Amino acid sequence: MKKAKAGTLTILLLTTFLLSGCGLTPKTSQDEVNAPQNAINKAASEYVDTHSDDGRIVVGISMPDRLLERWNKDGSYLRAQFEKSGCEVLLRFANNLIDTQENDIRDMINEGADLLVVTAVDCSALSDVLTEAHAANVKIIAYDRLIMESDAVDYYVSFDNYKVGQLQAEYIINTLHLPTAQSERHIEFVTGDPVDNNSRYFYNGAMNTLLPYLSSGILVPLSGQSGFYETSTAQWSTDLAQQRLQIILNSYYPEGTDLDAVLCANDSTALGAVRALSSDYAQKNKVLVTGQDADIANIYSIIEGTQSMTVFKALRQESVVTVSLGLSLLEGNTPASDLITSSDWDFSCSYNTTDYDNGSKTVPSYLLEPISITQSNLEAELFDTGYYRRNSAGLIYAAK
Ligand code: GAL
């Protein structure tokens with residue numbers, strides 16, 4: 001059955017409304033008077049709800065970027081499981097470009113998507129296109145990053161991202177023995193992309209946990225930089241993180257001045273910090289470096305000791321919850337905690353209806369638990385579980 005383009009429908013309705021609303025049309029014959037209404041009826045009659053009766057179940061998956069390792073895994077886990085359940089999957093990566101993501105999503109709506117699973121490049125930039133999706137009866141799951149300022153979002157699936165920041169801060173507090181420290185210790189912050197709503201959860205989790213030591217003066221960023229924006233890293237860029245830390249090291253950590261820790265919000269920024277330390281840090285002490293995502297390059301860094309820890313997010317579990325939620329929505333259900341209680345999942349997941357306000361509504365959410373990874377539990381959590389494997393040459397690769 002011919003499909004009407006959602007975008008065209010919006011423009012048609014808008015022009016008709018504008019033309020009729022502001023009396024620009026000279027009232028001559030009855031046909032002309034009826035023209036706007038006829039146009040609406042024509043559009044409506046042509047607008048076919050492709051999302052229910054063409055027998056296809058189409059799932060649109062929009063990931064932010066291929067350069068950040070994890071989204072490739074998320075995309076392939078999600079696609080494999082939706083396809084296994086008989087869905088037709090449209091998977092797109094937006095190269096971290098807002099317009100590309102908006103166009104990707106609009107194309108998916110036009111290609112008959114019944115469900116959208118979206119990880120936003122910019123969490124506040126999708127309101128319009130998601131309103132169009134909603135108008136076309138498409139169900140919408142915000143995947144991993146909460147989509148802001150849109151009441152079209154039906155559900156949110158992620159990890160407890162505030163806890164990610166807490167785990168990074170606790171690692172630094174325990175490893176530097178801050179509760180009993182007598183002399184001043186130095187820290188610098190390399191936080192996340194400010195348009196990624198998760199960056200705030202990471203930042204708040206870390207800063208609130210470190211606050212007693214920052215306010216007592218036992219822990220000091222010699223650069224004086226601890227604010228959300230001044231420590232942020234656009235696009236989670238490794239190069240930007242490296243450049244910023246190189247400037248800080250050369251400006252505030254001359255020979256004789258120790259830096260004790262760099263709190264990096266994720267692994268791509270941690271990679272930049274490790275490079276800056278190896279090229280521009282004069283002292284010989286071991287500098288703690290945190291991370292997130294357990295990317296392969298960073299697992300090597302942790303094994304060799306240049307990075308100290310990362311926060312692991314079991315992406316396969318996040319995709320299992322999302323696919324289960326998506327299929328239930330496609331069956332016309334309105335899942336709640338029953339999605340968890342009726343499942344056979346061997347991992348913990350909580351249902352939250354109070355804490356994730358996206359500025360338009362409080363989005364019902366499913367949250368998973370992040371895990372702190374160091375040299376001591378890396379084998380058990382990442383290899384014994386089969387998340388990562390080593391080939392005959394000992395190189396690490398992600399299991400399918
Ligand atoms: C966040 C995500 C993190 C990390 C970061 C950079 O939104 O929760 O796991 O991947 O993006 O991609």
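The figures here come from the full heavy-atom set of this structure, side chains too, leaving out hydrogens, waters and symmetry mates. Because the structure is a prediction, the values reported are computed rather than measured. One-based numbering, in listed order, for ligands and for the atoms of each.
- Salt bridge absent: Arg70 and Asp267 never bring a charged side-chain N and a carboxylate O closer than 4.0 Å.
- Salt-bridge annotation for Lys313 and Glu318: absent, with no side-chain N of the basic residue lying under 4.0 Å from a carboxylate O of the acidic one.
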Quick check on ligand 1: any N or O pairs to the protein under 3.5 Å? One line per pair.
{"unit_1": "ligand 1", "atom_1": "7 (O)", "unit_2": "Arg145", "atom_2": "NE", "d": "2.7"}
{"unit_1": "ligand 1", "atom_1": "7 (O)", "unit_2": "Asp196", "atom_2": "OD2", "d": "2.6"}
{"unit_1": "ligand 1", "atom_1": "7 (O)", "unit_2": "Asn198", "atom_2": "ND2", "d": "3.0"}
{"unit_1": "ligand 1", "atom_1": "8 (O)", "unit_2": "Asp144", "atom_2": "OD2", "d": "2.6"}
{"unit_1": "ligand 1", "atom_1": "8 (O)", "unit_2": "Asn198", "atom_2": "ND2", "d": "3.0"}
{"unit_1": "ligand 1", "atom_1": "8 (O)", "unit_2": "Lys313", "atom_2": "NZ", "d": "2.9"}
{"unit_1": "ligand 1", "atom_1": "9 (O)", "unit_2": "Arg70", "atom_2": "NH1", "d": "2.9"}
{"unit_1": "ligand 1", "atom_1": "9 (O)", "unit_2": "Gln292", "atom_2": "OE1", "d": "3.3"}
{"unit_1": "ligand 1", "atom_1": "9 (O)", "unit_2": "Asp293", "atom_2": "OD1", "d": "2.7"}
{"unit_1": "ligand 1", "atom_1": "9 (O)", "unit_2": "Lys313", "atom_2": "NZ", "d": "3.2"}
{"unit_1": "ligand 1", "atom_1": "10 (O)", "unit_2": "Asp293", "atom_2": "OD2", "d": "2.6"}
{"unit_1": "ligand 1", "atom_1": "11 (O)", "unit_2": "Arg145", "atom_2": "NH2", "d": "3.0"}
{"unit_1": "ligand 1", "atom_1": "11 (O)", "unit_2": "Asp196", "atom_2": "OD2", "d": "3.3"}
{"unit_1": "ligand 1", "atom_1": "12 (O)", "unit_2": "Trp71", "atom_2": "NE1", "d": "3.1"}
{"unit_1": "ligand 1", "atom_1": "12 (O)", "unit_2": "Arg145", "atom_2": "NH2", "d": "3.4"}

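- A salt bridge links Glu379 to Arg390: one of the charged nitrogens lies within less than 4.0 Å of a carboxylate oxygen.
- The ring-ring contact (aromatic ring centres under 6.0 Å, His included) contacts involving residues 258-291 comprise nothing, where partners must be two or more places apart or lie in separate chains.
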| task | Output, in order, the C-alpha distance, side-chain angles, deciding distance and verdict of side-chain contact (heavy atoms from CB on, under 4.5 Å) for Phe189 and Ser223. | result | CA-CA 10 Å; Phe189 299 99; Ser223 68; over 6 Å; no

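- In this structure, Lys361 does not pair ionically with Asp357, as no charged nitrogen and carboxylate oxygen lie closer than 4.0 Å.
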